[in-house]
Structures are given as structure tokens and as C-alpha cells.
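Worth knowing before you read on, the calculation uses all heavy atoms, side chains too, and leaves out hydrogens, waters and symmetry mates. First the proteins, then the strands, lettered A, B, ... as listed; each starts at 1.
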Amino acid sequence: MIHKYDEKIALDIIHQVGAKPEMLVQILRAFVVKFSYISESAIRLIAKELNLSRAEIHGTVSFYHDFRTTKAGETVIKICQAEACQAMGSRQLTAHAEKVLGVKLHGTSENNAYSLEPIYCLGNCACSPAVMIDEKVYGKVDTKKFNQIVGFKE
Amino acid sequence: MNTSTKIFIPRDTASISMGGDEVAIKIEEIAQKEKKEVTIIRNGSWGMSWLEPLIEIEIEGHRVAYGPISETDVIDLFEADFLKGGSHPLKLGNTNDIAYLKNQQRWTFRRCGLIDPASIEDYIKNRGFSGLEIALQKGSSHILKELEKSGLRGRGGAGFPTAIKWQTVTNAEGDQKYIACNADEGDSGTFSDRILMESDPLALIEGMTIAGLTVGANKGYIYLRSEYPIAHEILASAIKTAKEHNWLGKDIQASGFDFEIDIHIGGGSYVCGEETAMLESLEGKAGMIRFKPPLPALEGLFGKPTVVNNVVTLASVPDIIDQGGSAYSAYGVNRSKGTLAFQLSGNVKQGGLVEIAFGITLRELIEKWGGGTASGKPVYAVQVGGPLGAYFPNSLLDTPLDYEAFAAKDGMVGHGGVVVFDDTADMAIQARFAMEFCSIESCGKCTPCRIGSIRGVEVIDRIINNENREKNMDLLNDLCETMIDGSLCAMGGMTPFPVKSALQYFPEDFKPEIK
Ligand SMILES: Cc1cc2nc3c(=O)[nH]c(=O)nc-3n(C[C@H](O)[C@H](O)[C@H](O)COP(=O)(O)O)c2cc1C
Ligand code: SF4
């Protein structure tokens, strides 16, 4: 369940994971899991607790693909764009998804219902194309299966 | 007497992605309704991914397999009396007799599918921890000797001899040393680390503990990619169980040796699979590649001597200690000793994991195990070794899978991923993707990689659009050479390999007027 950003929860996370600079990547990960993104206030708080500059945190946040800085849609759909899935039609699947969801890859739909993201390998390559919705992986996703799995999530 | 029938339903990602959880629920539901006593065990995967969910019934000590099963097949299976091994179109016979599995040479993956990954009893019953027991008794020099005899080389991609790496860390001075397990498995078409962690997590824990004992490290990290939530859950619980049973933690089995393991999750970056970038990430920073030297073995995590090894490398060690190094080196050819868990994927009929001795040809693997393409069309191109590996045409499929034989053809065995494409693939588009992927994943430290890859995409676009073809072809070749010569790591240094192979073997795809 995604939470609205809350400073008290954020502080708890930092101290639970460990308020040390070496835990920064793990803290950012925990923030994304909890709040779906890293906000400016989150960066300010982490900088203060870890005794790092905000620029340092920004540098780390921008390096990693997982650490988004804008709020994600309620459902995050990630379609694998790597070679094994390409060989089984992930490009066509992505085009289909963009059409039915009305959102481009990397984008979030206007009603904030969906974010559509590329992902490079889910390790489900023998059942390609693979899709991840929130934390669940689906295999052999053709356009029909895509509609079905996205449909029941609505 | 216990009349409950044991049913095995894998809990690995492939099985769950194909409805394994729903099948388990449905079986439970119908069994209850029909008053049949069943015990469902969520085992690991045998690696026959195309048959997932592959369910098994234990009958008089044998396991009878059915698959692939969907939720809607379950009623049918009950009607066919599958609990007694009844016949059904999806019945596969005894698991042990399935040719795909039977013809493999399982070493590192021998427990995968067989056991319940959550059960330490299952693990021990199948010779789990016997390697560590010997290691605890005989100590570091014995382990290093067996490892050297085994000929084991790193399974993460570079194929560096594991014994030499461990010896270096053993000899290094340091008040603190570390074991860092690389579970970033970023190559497309690879999933052997995942299958091992989801199906036999204690083997990795045992391997890391032996590594710690050998080199004198009492702290280990597993750097796990964020794309593997199920592996995370299973590993975390295995670490907890191992601690409860004193196979991890303080004074392991009253030996006086302490070893702890923490899991760190990555941030979705491919380049963080490179060992020095991984160490930066483990230190909480952006995954920028470090200059080498110093080697991580001497100055690794937090500047301390560190063993960095891939999951499969580490998990192969316990049996090498248990069975002896020469038992392992009896498999394989030339300088490629032992087995490799190849992973067949992409446009292939029977995708999955095939652990077999080095030396088998790519063609045998694709035809005998893979059963050809999923589409039924001809095999057109095969990429081995992940996104930095060359694309091989049909004429190179008889190359034996051997590190040096592949390198001699500008290819790479790497982590053993084999991705098959049929003749609908457009290799100009695949070459473009190689450059694009590099531009997305480059750590940014060197210009040939950071800028070169962006130029690479543009130049290929111009070639595809037939603009100034000759000039742009020359430009692309020059660009490839610059990236190979001027990049700090293999990200920029090997991205040209898939590109150059596409140009060399599939020139017609770069000439739209012919197509
Ligand atoms: C761009 C890049 C990505 C890599 N990704 C991985 C990876 O995901 N997993 C891995 O084990 N090794 C990966 N490697 C290789 C590691 O740098 C390193 O060689 C390996 O972890 C050492 O362990 P081994 O000797 O057991 O193979 C990668 C290398 C490069 C250049
Ligand atoms: S080759 Fe690319 S990924 Fe490697 S160090 Fe240079 S910029 Fe970074």
C-alpha cells in the first residue's frame, strides 16, 4: 500500500533501515516502496539525518532508475524491454499498452491511475514477454492477457 | 497412517507468473470440497520454465508431473484422478524421466525443484551443509586446494578463476574482510541466479559462509536486484532459518567461527552488476565504476579486502568441498571446467534452465533442449552472454560452449544466457538497441561510453533511413573501435560486440532497399 508522504513515517524508516550514509540506497528504496517517489521534503529530511548535502542525495537519486522523483500512478505497470522479451514481441505489447492505457512509456495517466515504465529484465525470460504490476510478475503476456490482468486491477 | 497426498507446486517467479498461486488455491479448494487430504508443498523450480506451473504428486516415493497447469485445468485433473497419477493430456510422467531434466548434469542446481526451499531439514537430508562441515574441520588451505583442483571460474561473466581470487583475499592484510555476493543478474535472458535463490537459498548461504571461513571474513552482503521480490522473500527467510539452526551467526556449529549475511537491494541499474559499481552501491552511493587497480580483492568494500562472486559461483562451492575438486573438474572441456547452468529464452519452444558440462554446442542446446523456435520459424540469430554478447548467425551455432572457443569468435559465454530470435527479428534494430541500452545504463564516467552510445543510436538511425550510408557505416565502425579502446569497463567496452556482429553477419538488415 502506497502512503502519502508523512515526515514521521519517513523518520521511522530512516532509523529502521539505519541512519548512516552507507544505507542511503536502502533508505531511498524503502521510501519508494512506501511513498512511490522521493519528494523534495524527503531529500531534505534524509540529508539532515544522514549528515549529507542535498546535492549528494540528488546525485544518488538521479543515478538509479528505481528512484523516481514524481508521484507514481496508483498502479505501476512495468513492461520488460530487454532482448529476450523483444524476441517474443514486447515492442508490440508496449505499443498496445500505450494505446489502451492512454499513456506513453515513462508516463503517468492523467487520472493518475497508471504509470507505464520500462524495465530491463525480470528474470522471467523463458516465459516472455514479462510484465510486472506493482510487485507481481506475469509471464507470456500477449495483448489479451494484458487486458485481462490490467482489467481486474481496476 | 498418513493418507495425505503430497502435491508440489513451485513458488518460483516463473511458476507464479503463470498462475502457480491460483492453481495452489484452486487445488486446496477442490480437495476440501471432495474431502481429499492433500499437503501442498511450495517447492523450488526444476527449471523447466516452459512447463510452469509444473505440479507433481508424490506416489509411492515417486514424483509424477503434470504441466503446464492453469487454474481452469484443476477440475479436470481431479476428474482424471491425478492424485493417484491418473492419465491426462497434461501428464508428463515421472519427473525424473523427463528428457529435458534427465539429460542434464546437475551439480549446483541438483536440489532445485527437489526440495522445499523453506525447509532446512530437506536441505540437510540432501547433503546440505556437508561442504561447510568439511570446511570447518579442514580449514582454509584445504578449501583453496580443492577449489584450485575444481578449475571453477566466475559465473558472473568474466570467468576469472575463483581459487586465485580467494587466495588473494586470504593473503591480504586486513582487520576486516568481506564477502560480497553479486545477485544483480542484469543480463537479459538470464535467470539462473534467481532460480537458485528461489529454489535452494541455503546453498548460497553455505557457499558464502565457506568463502568467509576461507579468507577470514565474518561479514557477507548479498546485493540483490530490486526486480526479484520473490527471491528476496525466500532468501531473507532462509537467512533467518539458518541463524535459528546455528548454521549462520555466532559460533557456527560450535566451531568458533562467526558469519553474518545482510541483503541489500539494488536501485534498478544494470551497471551496478559490475563489481566496483556494486561496491559503490553497497556503500550507499551512486554506482560509478571505480578505477582498477586497486583490485576489490585488496581494497574492496569500505576499502577492505573483499571477495566479489556471483551467486552461482558461490553456490557451486559446497559440493566441490563435499565431493572434491576433481569430481567437479571431471566435467567440462579445456579451461572450461565443470558445468554451467545455461538459460534458454526468447523465441524458443522449451525455455528454461539446462545445467550441463561445458563443451556442448549451441545448436545442441537450442535443438535438443529448446526444441527450436516458439514460432516454428527458422532460428535467425542467437545472443549469448547478455546484452554485451555478440549475435551469432546460424552458421556459428556449432561453436562449443567453452569460454575460449566463444572468445575466439568474438563471442562471450558470460553468465550462460542464450536468447533465440526467429527470422522476424531485424538486426539493425537490435544493434540500435545495444547502443540505446548502453546510453541508458552508462555510469557516465567516460566519454566514449556516455556520448559514444548516444552517437551510436543516431548513426544507426541514419543508416536505417538510408542517409549517407557509406559514410555512416564507416562512422559506426570507428565509433565501435573508440568505445572498445577508450572505455573504462565492459559496459562501454563490449557494447560494440552485439553491434559489430549484427553488421558482420546480418548486413542485409542494414539495407532497407533489399528487404
Ligand atoms: C556492465 C556489467 C554488468 C555486470 N553484471 C553482473 C551481474 O549482474 N552479476 C554478476 O555476477 N556479475 C556481473 N558482472 C561481472 C562482475 O563485474 C564480476 O566480474 C563478477 O561479479 C565476479 O564474480 P564471479 O567471479 O563469481 O563471476 C558485470 C560486469 C559488467 C561489466
Ligand atoms: S565504460 Fe561506461 S559504464 Fe563503464 S566506466 Fe565508462 S562510462 Fe561507466
Atom group of L344(B) that falls short of 4.5 Å from chain A, counting heavy atoms: backbone

side-chain contact (heavy atoms from CB on, under 4.5 Å) for I119(A) and E227(B)? Distances and angles first, verdict last. CA-CA 9 Å; I119(A) 196 162; E227(B) 294 85 348; 3.5 Å; yes

At a heavy-atom separation under 4.5 Å, does C272(B) approach chain A through its side chain, its backbone, both, or neither? side chain

So which of G444(B), P387(B), G351(B) has the biggest tally of heavy-atom pairs under 4.5 Å with chain A? P387(B)

Between E56(A) and chain B, which part of the residue has a heavy atom less than 4.5 Å away: side chain, backbone, both or neither? neither

In this structure, is the centre-to-centre distance between the rings of Y120(A) and F437(B) below 6.0 Å? yes

Among G417(B), A374(B), S226(B), G352(B), residue most engaged with chain A (heavy-atom pairs, under 4.5 Å): S226(B)

Looking at A82(A), A130(A), P129(A), which makes the most heavy-atom pairs under 4.5 Å with chain B? A82(A)

Taking every non-hydrogen pair under 4.5 Å, which of D422(B), I230(B), L353(B), N347(B) racks up the most with chain A? N347(B)

Using the rule given for side-chain contact (heavy atoms from CB on, under 4.5 Å), can you reason through C127(A) versus M18(B), listing the C-alpha separation, both sets of side-chain angles and the distance that settles it, and then say yes or no? CA-CA 8 Å; C127(A) 298; M18(B) 296 306 294; 4.1 Å; yes

V271(B) versus chain A, the contacting section by heavy-atom distance below 4.5 Å: side chain

If I measure from the heavy atoms of chain A, does E185(B) come under 4.5 Å with its side chain, its backbone, both, or neither? neither

Segment of Q26(A) engaging chain B (4.5 angstrom heavy-atom cut-off): side chain

With a 4.5 angstrom heavy-atom cut-off, could you sort out which part of A434(B) is near chain A: side chain, backbone, both or neither? neither

Step by step, would you call S281(B) with F63(A) a side-chain contact (heavy atoms from CB on, under 4.5 Å)? CA-CA 10 Å; S281(B) 187; F63(A) 182 87; over 6 Å; no

Quick one: does any side-chain atom of R225(B) pair with a main-chain N or O of C121(A) as donor and acceptor, under 3.5 Å? yes

If I measure from the heavy atoms of chain A, does Y380(B) come under 4.5 Å with its side chain, its backbone, both, or neither? neither

Whatever's closer than 4.5 Å to a heavy atom in chain A on Y270(B) counts as neither

Checking A425(B) against chain A: side chain, backbone, both or neither under 4.5 Å from a heavy atom? neither

Heavy-atom neighbours of N111(A) CG exceed 12 at 6.0 Å: yes

So what's closer than 4.5 Å to chain A heavy atoms on D187(B): side chain, backbone, both or neither? backbone

Taking every heavy atom of C125(A) against every heavy atom of G189(B), the minimum-distance pair comes out as SG-N, 3.3 Å

Is the shortest side-chain heavy-atom distance between I440(B) and H65(A) below 4.5 Å? yes

Evaluate the side-chain contact (heavy atoms from CB on, under 4.5 Å) criterion for residues R91(A) and I429(B): first the C-alpha distance (whole Å), next the side-chain angles of each, then the deciding distance (0.1 Å), finally the verdict. CA-CA 11 Å; R91(A) 290 190 181 98; I429(B) 298 290; 3.5 Å; yes

Most heavy-atom pairs under 4.5 angstrom with chain A, which of S17(B), G287(B), P229(B)? S17(B)

Supply the atom-to-atom distance L28(A) CG to I265(B) CD1, rounded to the nearest 0.5 angstrom. 14.0 Å

Part of L122(A) within contact of chain B (heavy atom distance under 4.5 Å): both

Using modelled atom types only, decide if a donor and an acceptor are shared between the side chain of S269(B) and the backbone of Y64(A) within a distance under 3.5 Å. no

Considering residues, nucleotides and ligands other than K219(B), do more than 12 of their heavy atoms fall under 6.0 Å from its NZ? yes

Side chain, backbone, both or neither: which part of K20(A) has a heavy atom under 4.5 Å from chain B? neither

Expected output: side-chain S188(B) to main-chain E83(A) donor-acceptor under 3.5 Å: yes

One should read off an interatomic distance between M132(A) CE and T13(B) OG1, to the nearest 0.5 angstrom, of 8.0 Å

Atom pair CD/NZ of E52(B) and K140(A) - distance to nearest 0.5 Å: 9.5 Å

